[in-house]
Amino acid sequence: MWRPFKSLAVILIIIACAGALPIRAQSKSDSKSDSKKDIKTDTKTDAKNPTAEQIAESVVFVYGRREFLQQIRRNGLERGRLMRMAEDGRTEETTYERRFVRGENSVKDKIRIDQKMPTMAFSLIYGEGHTWGLINGSAFTPRQEATASFLSEQWHGLDALLRYKENGSTVALINREKQKGLDLYVLDLTDKEKRVTRYYISAKTLHVLWLEYDQAPAEGAKPVKFMKKYADYRYAQGTLVPYSTRFFEDGKQTQEQHILTVTFGVKMDDTLFQNPDAQTSTAAQP
């Protein structure tokens with residue numbers, strides 16, 4: 001099974017030798033020597049001052065290497081449970097299934113999330129650049145805030161960083177800082193639509209510990225500061241997965257997600273992601 005390297009310097013050297021990143025080469029010669037010239041090439045990376053791209057590539061490497069992630073996570077089925085916290089303090093727990101098929105970039109992905117509630121079965125589906133939903137088998141058009149929330153995992157999730165090159169996104173190193181004893185790289189990712197996600201990455205493990213982004217729930221609405229905190233990292237088929245995620249809005253926790261099982265390489269029927277032929281009707285988001 002794939003084992004992580006604990007040294008950023010080692011990771012950077014491996015990536016550089018594989019041709020993914022440039023490395024510094026220094027040639028020294030002693031012209032004063034009477035013997036034949038001794039030319040030494042010293043290949044090294046500066047682990048103390050890595051660039052944004054070096055950090056991003058090292059994160060991809062730790063999570064499973066780009067080629068391996070593309071091969072293993074080309075499709076998958078995830079099952080888990082969600083706990084939502086209402087404003088009045090009540091909590092609601094549901095189970096979910098998430099299916100996906102990856103395209104060459106996130107825009108061409110296919111995603112389906114099914115949730116089972118006591119009184120209904122609810123699904124949101126993304127494919128061919130469009131989002132729609134099903135309630136007890138009947139099609140509907142989700143409200144804008146429901147669509148934005150559904151697609152936020154593509155725009156502002158872990159995969160947005162792990163697939164930043166495929167998506168044509170750019171990364172920028174904001175700072176290296178310490179918070180509550182944690183040594184962190186703070187990295188901003190900007191996608192083609194100019195959406196920005198800030199990642200807080202452990203300098204020790206290169207795991208993403210949390211991320212932040214601003215997003216308006218609907219057009220014209222005031223932007224909300226969202227945060228996702230990742231924990232309980234485990235290996236699934238040789239790739240790194242956080243099995244626990246907590247969601248916050250303006251500093252208040254609104255949801256908690258726990259993965260129960262995840263399987264990659266599952267064959268998917270295309271009909272799961274196809275918009276039904278029945279006329280789509282607008283329905284309120286449950």
Side-chain angles (χ1 to χ4, degrees), residues 63-64 72-73 75-102 109-127 131-138 140 142-143 145-162 207-213 215 217 224 226-269 272-273 283-286:
Y63 275 71
I72 297 298
R73 295 192 186 182
N75 50 44
L77 171 59
E78 175 186 313
R79 292 187 174 98
R81 57 185 177 88
L82 288 170
M83 185 171 65
R84 294 187 177 89
M85 294 75 172
E87 291 184 2
D88 60 7
R90 293 183 297 110
T91 59
E92 178 187 70
E93 188 168 322
T94 61
T95 60
Y96 76 91
E97 290 186 349
R98 178 178 180 270
R99 295 174 173 86
F100 68 89
V101 175
R102 284 184 169 174
D109 287 352
K110 299 176 183 178
I111 305 168
R112 176 174 178 142
I113 294 181
D114 300 298
Q115 296 183 49
K116 292 183 179 180
M117 303 176 186
T119 58
M120 71 175 69
F122 171 62
S123 304
L124 281 175
I125 304 155
Y126 172 83
T131 303
W132 63 93
L134 297 170
I135 294 180
N136 294 334
S138 299
F140 74 96
R143 295 185 311 200
E145 55 264 41
T147 298
S149 177
F150 174 52
L151 295 178
S152 69
E153 187 59 28
Q154 281 182 283
W155 300 338
H156 303 288
L158 279 177
D159 273 0
L161 179 57
L162 297 180
H207 296 176
V208 175
L209 302 183
W210 73 89
L211 61 81
E212 298 174 351
Y213 60 95
Q215 180 174 292
V224 175
F226 291 89
M227 177 190 293
K228 299 177 185 179
K229 289 189 174 183
Y230 301 101
D232 191 16
Y233 272 99
R234 309 181 203 172
Y235 281 92
Q237 294 173 234
T239 67
L240 197 60
V241 176
Y243 274 63
S244 176
T245 307
R246 291 188 294 155
F247 300 80
F248 298 80
E249 297 181 19
D250 285 335
K252 183 178 180 180
Q253 184 173 341
T254 56
Q255 185 171 293
E256 193 165 326
Q257 172 185 325
H258 295 279
I259 296 175
L260 300 177
T261 62
V262 59
T263 307
F264 300 118
V266 179
K267 188 174 182 179
M268 299 286 173
D269 191 331
L272 288 168
F273 306 99
Q285 170 73 17

Quiz item: Quick one: does N75's side chain have a donor or acceptor within less than 3.5 Å of a partner on G265's backbone?
Solution: yes

Quiz item: Could you give the distance from OH (Y235) to OH (Y63), rounded to the nearest 0.5 Å?
Solution: 9.5 Å

Practice problem: Would you indicate whether the side-chain heavy atoms of E153 and T245 approach each other to under 4.5 Å? | Solution: no

Quiz item: Side chains of Y126 and I113: does their closest heavy-atom pair fall under 4.5 Å?
Solution: no

Exercise. Drop me the distance from D159's CG to D109's CG, to the nearest 0.5 angstrom.
Key: 8.0 Å

Quiz item: Between T239 and A236, is there a donor-acceptor pair closer than 3.5 Å when you use the side chain of the first and the backbone of the second?
Solution: yes

Exercise. Taking all non-hydrogen atoms of both residues into account, name the closest pair between R112 and S123 and its distance.
Key: NH2-OG, 3.7 Å

Practice problem: First locate atom CG of L158, then atom OH of Y230, and finally report the distance between them rounded to the nearest 0.5 Å. | Solution: 4.0 Å

Practice problem: Look at the aromatic rings of F226 and Y213 and report parallel, tilted or perpendicular, splitting at 30° and 60°. | Solution: parallel

Quiz item: When rounded to the nearest 0.5 angstrom, what distance separates CD in E97 from CG in L272?
Solution: 10.0 Å

Quiz prompt | Sub-4.5 Å side-chain heavy-atom contact between F100 and F273 | solution = no

Quiz item: Which value, rounded to the nearest 0.5 Å, describes the distance between M268 atom CE and K110 atom NZ?
Solution: 11.5 Å

Self-check item: D250 and K252, any side-chain heavy atoms less than 4.5 Å apart
Solution: no

Quiz item: Can you name the closest pair of heavy atoms from V208 and Y233 and give their distance?
Solution: O-OH, 2.7 Å

Practice problem: Can you measure from CG (D114) to OG1 (T95) and round to the nearest 0.5 angstrom? | Solution: 10.0 Å

Self-check item: Shortest non-hydrogen contact from I72 toward F264
Solution: O-CB, 3.1 Å

Practice problem: Decide yes or no on salt bridge (charged side-chain N to carboxylate O under 4.0 Å, His left out) for E92 and R90, but give the supporting numbers first. | Solution: CA-CA 7 Å; E92 178 187 70; R90 293 183 297 110; over 6 Å; no

Quiz prompt | Least distance between heavy atoms, L124 atom then P142 atom | solution = CD2-CG, 3.6 Å

Taking distance alone, no hydrogens or angles, what donor-acceptor pairs closer than 3.5 Å link side-chain atoms of residues 253-262 to residues at least two apart or in another chain?
residue	atom	partner	partner atom	Å
Q253	NE2	E256	OE1	3.0
Q255	OE1	R84	NE	3.4
E256	OE2	H258	NE2	2.8
Q257	NE2	E78	OE2	3.3
Q257	NE2	Y96	OH	3.1

Practice problem: Please name the pair of heavy atoms, one in I125 and one in L134, separated by the smallest distance, quoted to 0.1 Å. | Solution: CD1-CD1, 4.0 Å

Self-check item: Nearest heavy-atom neighbours spanning R98 and I111
Solution: NE-CG2, 4.2 Å

